[in-house]
4 protein chains.
Amino acid sequence: MRSPSPPPLAEDARVARSREALRAALLEMLEREPLERIAIRDLARRAGVGHATFYRHYPTKEALLDDIAADEIRRLVSLTLPVLDRADSRAACAALTRYVAGRWQLWRVLLTGGAAAALKEELLAISRRVAAERPRPARDLPEDLAVALAVAGIVELLAWWLRQEDPWPAEQVADLLDRAVVGPAARGRAPPRGEAAVGP
Amino acid sequence: MRSPSPPPLAEDARVARSREALRAALLEMLEREPLERIAIRDLARRAGVGHATFYRHYPTKEALLDDIAADEIRRLVSLTLPVLDRADSRAACAALTRYVAGRWQLWRVLLTGGAAAALKEELLAISRRVAAERPRPARDLPEDLAVALAVAGIVELLAWWLRQEDPWPAEQVADLLDRAVVGPAARGRAPPRGEAAVGP
Amino acid sequence: MRSPSPPPLAEDARVARSREALRAALLEMLEREPLERIAIRDLARRAGVGHATFYRHYPTKEALLDDIAADEIRRLVSLTLPVLDRADSRAACAALTRYVAGRWQLWRVLLTGGAAAALKEELLAISRRVAAERPRPARDLPEDLAVALAVAGIVELLAWWLRQEDPWPAEQVADLLDRAVVGPAARGRAPPRGEAAVGP
Amino acid sequence: MRSPSPPPLAEDARVARSREALRAALLEMLEREPLERIAIRDLARRAGVGHATFYRHYPTKEALLDDIAADEIRRLVSLTLPVLDRADSRAACAALTRYVAGRWQLWRVLLTGGAAAALKEELLAISRRVAAERPRPARDLPEDLAVALAVAGIVELLAWWLRQEDPWPAEQVADLLDRAVVGPAARGRAPPRGEAAVGP
DNA sequence: CTCTAATCGAGACGGTACGTCGCGTCTTACG
DNA sequence: CGTAAGACGCGACGTACCGTCTCGATTAGAG
């Protein structure tokens, strides 16, 4: 025999429905306005949900954003950090850009919409946490600075990419990323002048 | 977006006193909490000023921050952009870090306190505006991306520097800046591996 | 306004158990707090019953109170009204007080606990209804006023009695009732001065 | 010379205006619905006042009712209690009914509208408090019971009077009051049977 | 050294959004 | 079918700040 509550963590269908509606509504609204100007009641109304139901699931708007983004961010971070360590950073960069390309719509909203600032903070915070637990490879730059520069650069570059109407291919962006952001952050060196131009 | 009375010439002594009190109070408070969590009434109370007096001088908290930071930011930007263009970027970087070192306390609050996010936004916005009016030098990277990466990198690096308890000398930071941020952003190239380490 | 299922005949044993638990819980709670501050969920919890179960049996807290008190009230009213009409009002009063004395605990809660106000309303309403259907004896006072005064007086006197730590005997209370409440309400006359004092 | 704040307690005109608007609105609404079903926001809206302004002046609806009724109640009580003590209770009763007649509209709302229950409670509470501080005249009935009966009776009688479409004259009501309520409560005696009928 | 007008503090006000509470209904799964 | 468990839509609650406003009192700074 098993426990009396039959599926111990199998969520009530209504719960899943409410959360999904809230997640979708937030993503919609973030395309139009910044997170801090979204009223929770409006969000709930758009989700077709009583506003108290919002609070039954999330304590704050940020928590809802987290519920949407946390996994994504963790995935991204797990692709981001190795970029600093691996010998072939170029391949790691390509893995990163391909991942984002595969989740284009979501990441476009997250990094160019009204939650961009919050997302950058979150990304940086998670990266720092993850980085602190890694073996710290010898590096020219202080570790924390390297992480900060890499994450900031990656975020700026991805945001720039996701804002494009006619986006560059992931491979080319990976090149950019490797040469203009990751390489310098990893090794603290500027490239020598006079190499061939990048760009479409 | 400074004072509502167009030319603040021939200022009443009371006006100057009120504004100064408000500026000082904001800087104090930013050391402890983020801009968005500072209530205007608390700010005014700490400044020893009626809360209506705040509104007589500034429409928003952001405007007050601007009044504090606008000149500083413009100065910083005027030192930042050339960094991307000048042949000896190393010298331009040194000018930048020396300037910040000379305003250490103020910039520490601005870039590491509760206004950091707002400041980054403002810096980036002003940089973009200024950059758009410059002659656009041939560059490997798209101009807007180069500016975004440079500004983000500079801000991160300065914030890292200003957070240090026992700060590096300006010259060494200028080195870092040149090699890990400015160079790559200007030329889109990572440094080759294997050069000498940086550090104190 | 009792149970939603029209005739509570052939009651399921579970139904009876639930209702009894709810009745007992309400009486307990009324000793401590006013009816309007008792949350239905708390009531159900104390009764060891799901809160939805409450609604299956009663539409409101008041309906539950009714289920507890309706018969009692009807009995009391059937003893109350004659008091105004019968020649020997003293005997009728004695019947009334003896009845209450026999149900002391229940009436103590009802008239001195958190339902006192509701109970008074209910008693008055039922009395009015019953009084309207009676033959209206010639009386000095307008009928509706006489009923109102008599009921209010009876209720106040009973409440006073039931609050006593060391209660008077029913016979003495019947005396009081007859002389200070029923007589005047029935005949609209104050007693002459100078008679013997009442009291234990 | 006098104090710097010219009128030390002369209230801000806006304050007086807001309170008056709230008082009027509450009285209006009490003619239609019970106090507990009046939402503070609706009350404020009807008063033409922001709902927060309500809270700036009163903590609860009951407090507003108090602000309206407290003086009136105190006045009424100061006329009510002597009724039990004075030799010519008839004259005291007349003073009482004349006072109510002079404030007809207000008392009609208070005792027959949605605040009737609250008002009765308040009247009884204040009466008890005042009575406790009086010299306790020798009486047939226990003091607390006498007060309870007198107040309950007065309230019922006034409510009955105020509900009349074509109200009896104050003098006749004073007669009723004296003979059916005050006399019995004061002396604990019913009037002898067989006297002349009262009525219009 | 006045006089007058700008500036001030104090704080009431109409609003908007907040997060909480309790309601009565509805859904799900058991026994 | 009655039940426990509990999510849900609803709507009032009381709070916190917002930005606007009026009110006298003060205090420059021009005459």
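So that the names make sense, note that chain A is the first sequence line, chain B the second, and so on, each numbered from 1. For clarity, every value in this text was computed on a predicted model and none was experimentally measured.
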Taking for each residue the nucleotide of DNA chain F with the nearest heavy atom, is it A39(B) or I40(D) whose nucleotide lies nearer the 5' end?
I40(D)
The salt bridge (Lys or Arg N to Asp or Glu O under 4.0 Å) partners of D67(A) (sequence neighbours excluded) come to R23(A)
Using heavy-atom distances to pick each residue's nearest nucleotide on DNA chain E, tell me which of K61(A) and D42(C) is more 5'.
K61(A)
Using whole Å, what does the distance between atom P of nucleotide dA10(E) and atom CZ of F54(B) come to?
17 Å
Heavy atoms only, 4.0 Å cut-off, all strands: where does R37(B) land among base, sugar-phosphate and nothing?
nothing
Which pairs with one or both residues in residues 24-34 of chain C pass salt bridge (Lys or Arg N to Asp or Glu O under 4.0 Å), sequence neighbours excluded?
E28(C)-R46(C), E31(C)-R108(C)
Hey, can you pull the donor-acceptor pairs under 3.5 Å for the side chains in residues 34-43 of chain C, sequence neighbours left out?
residue: R41(C); atom: NH2; partner: H51(C); partner atom: NE2; Å: 3.2
residue: D42(C); atom: OD1; partner: R45(C); partner atom: NH1; Å: 3.1

Please give, in whole Å, the distance from dG2(F) P to L22(C) CG?
15 Å
Expressed in angstrom and rounded to an integer, what is the separation of I38(D) atom CD1 from dA12(F) atom P?
13 Å
Value in whole Å for how far the P atom of dG24(E) lies from CG of L43(C):
12 Å
Is there side-chain contact between Y58(A) and L65(A), with heavy atoms separated by less than 4.5 Å?
no
Can you tell me how far C1' of dG31(E) sits from CZ of R17(C), to the nearest Å?
12 Å
Within the structure provided, determine whether L119(A) and W107(A) are in side-chain contact (heavy-atom separation under 4.5 Å).
yes
Where along residues 26-36 of chain C does a heavy atom come under 4.0 Å from DNA chain E, residue by residue in number order?
none
Atom pairs under 3.5 Å: protein N/O with N/O of nucleotides 4-7 of chain F:
residue: dA4(F); atom: OP2; partner: G50(C); partner atom: N; Å: 3.0
residue: dA4(F); atom: OP2; partner: T53(C); partner atom: OG1; Å: 2.4
residue: dG6(F); atom: N2; partner: R14(A); partner atom: NH1; Å: 3.0

To the nearest Å, how far apart are Y55(D) OH and dC13(E) P?
16 Å
In whole angstroms, the gap separating C1' of dG9(E) from CZ of R46(B) amounts to 19 Å
How about L26(D) and L30(D): do any of their side-chain heavy atoms sit closer than 4.5 Å?
yes
Residue pairs involving residues 113-123 of chain D (criterion salt bridge (Lys or Arg N to Asp or Glu O under 4.0 Å); sequence neighbours excluded)
K120(D)-E156(D)
Pairwise side-chain contact, V155(D) with L124(D), heavy-atom cut-off 4.5 Å (strictly under):
no
Whole-Å distance separating the CD atom of E20(D) from the C1' atom of dC13(E)
18 Å
With heavy-atom distances below 4.5 Å as the criterion, would you say the side chains of R129(A) and I126(A) are in contact?
yes
